[in-house]
There are 2 protein chains.
Amino acid sequence: MIRTISPNRASFGRCSACTVRSLSICNALDQADLAEFERISRHIHFAPNEALFTAGQIARSVHSLTAGVARLYKLLPDGRRQVIGFALPGDFLGVAPSDRYSFSADAIDSVTVCRLSREAFTHFIEQRSHFLMRINEFAARELKLAQEQMLLLGRRTAEEKVASFLVGWRQRLAQIGDERQTIALPMSRQDIADYLGLTIETVSRTLTRFEREKMLIIVAGGVRLLDPSRAAAMAAA
Amino acid sequence: MIRTISPNRASFGRCSACTVRSLSICNALDQADLAEFERISRHIHFAPNEALFTAGQIARSVHSLTAGVARLYKLLPDGRRQVIGFALPGDFLGVAPSDRYSFSADAIDSVTVCRLSREAFTHFIEQRSHFLMRINEFAARELKLAQEQMLLLGRRTAEEKVASFLVGWRQRLAQIGDERQTIALPMSRQDIADYLGLTIETVSRTLTRFEREKMLIIVAGGVRLLDPSRAAAMAAA
DNA sequence: CGGCCAATTTGATCTGGATCAATCAGCGGG
DNA sequence: CCCGCTGATTGATCCAGATCAAATTGGCCG
């Protein structure tokens, strides 16, 4: 079995001890600002599958993820689902143009977040242009990921989708300091399928084939990449 | 034949006379800032199909579109193309996390832009938090559009894709003041197909069927929606 | 006005991934 | 230790949209 993805083990209490600070929007804050940020934020815990917020609700809060993994998704009226992303520690959920959430978010495993009222957050950023620029960087990074995902959804084959997902996910885990041999996959096959615009059967079959072809081994809670360069090649072209 | 999409007819010369200012990032600027913005920007014209910039190039400039329509796209090594968006007057091309363009942009019809060096732009925004917040709003809006497009690409049928595109495009045209009966489609069927993750044949067949079913009429350079509510229903579900 | 070239439409056929349908595996509880 | 549940895998078949292949249309230029 594989450990939960959570580089920080607590961050309850003080922002100055937050282990994901360097990854998060808070990296742009000095000691004084950090104290103020701490004053206006609350740590909240979510159990697996609990909702952080739901599309269509009034967006009263913004969130910075400090531990665990969340799925972000949109639904069609008939229940078809598109996972638009997975949020990891350090990720910021709050770049939005309207006063309502345009997507839903829920905890995949055990999740903790820093939650701030949108109002307090807006006020906080207004006179802190360094912080504002940091938010901008986060938004730009998100936008780039979204554009890459559009290319994947619109123009890649099932095989390329699954390989790209594994390579991209591994890279994101590495960025938050998780460099274990085995790629942890805390999300379900259904989550992966809904992220890649495929069915659960196609994801399963493709992974099984990759295993048969000795590109990887499927293990409990993840996969172990045996041939990263082959995976990278599939993901690239 | 349908007029070109260009609510502004010139904007050569002075930013203060720019007819798309209220739509653009420059809306956040007062007279003094506008003068400075004008000093560091240049108006550039592009002929149809000319490239504004290309993915992978060093991103020396940011652009604000003032007239015409541009296609934004990404390519796979084997030539498969995904159009990630169409830029209209007022749209800002410059929210990016790296020093290289992550997508290509070229003029569909005759296009004019305000171009600024990235360096000057970065310096300009640094001490103007109102402006920075405006950029933020643009980034958030872009991100929301991208997320909606992911849902479309991953989970909608061909029919829903085409209907959604028409409804969404009409809405965007309305936002820039183009409220004519006929929806102008300056982009080619191939552009539309590459935007929707379909083939040109499927787009053509679907439009033809919509016409047969009296939902719309195909005209030179666009379509005339006869039954907007039916189109909206298809786009929603 | 006619001929050419590119874009679009239309038709026939094929296929990757969806759908429908059983198993199978892991695991928590009694 | 076994049962029952949930998620995953595997198999058989189907079909929406892709691919292959002609027409057809519409500018545009001489």
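Model, not experiment: these values are computed from the prediction. Hydrogens, waters and symmetry mates are skipped; everything else that's a heavy atom, side chains included, is used. Reminder, nothing fancy here: chain letters follow the sequence lines and each chain counts from 1.
The CG atom of B:L185 sits 10 Å away from the P atom of C:dT8 (whole-angstrom rounding). The distance from atom CG of B:D109 to atom P of D:dG27 is 16 Å, rounded to the nearest whole Å. For A:L152 and C:dG17, the CG to P distance is 12 Å, given to the nearest whole Å.
Under the rule for a salt bridge (Lys or Arg N to Asp or Glu O under 4.0 Å), the partners of B:D91 that lie at least two apart in sequence or sit in another chain are B:R172. For B:Y73, there are no ring pair (Phe, Tyr, Trp, His ring centres under 6.0 Å) partners two or more places apart in sequence or in a different chain. Under the ring pair (Phe, Tyr, Trp, His ring centres under 6.0 Å) criterion, A:Y101 pairs with A:F53, sequence neighbours left out.
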B/S/- contact track for nucleotides 5-18 of chain D, protein heavy atom under 4.0 Å: ---SBBBB----SS
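Listed by first and then second residue, the ring pair (Phe, Tyr, Trp, His ring centres under 6.0 Å) pairs involving residues 209-237 of chain A amount to none (not counting sequence neighbours).
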Distance-only criterion, 3.5 Å: show the donor-acceptor pairs between side-chain atoms of residues 230-237 of chain A and protein atoms not counting sequence neighbours.
residue	atom	partner	partner atom	Å
A:R230	NH2	A:E213	OE1	2.6

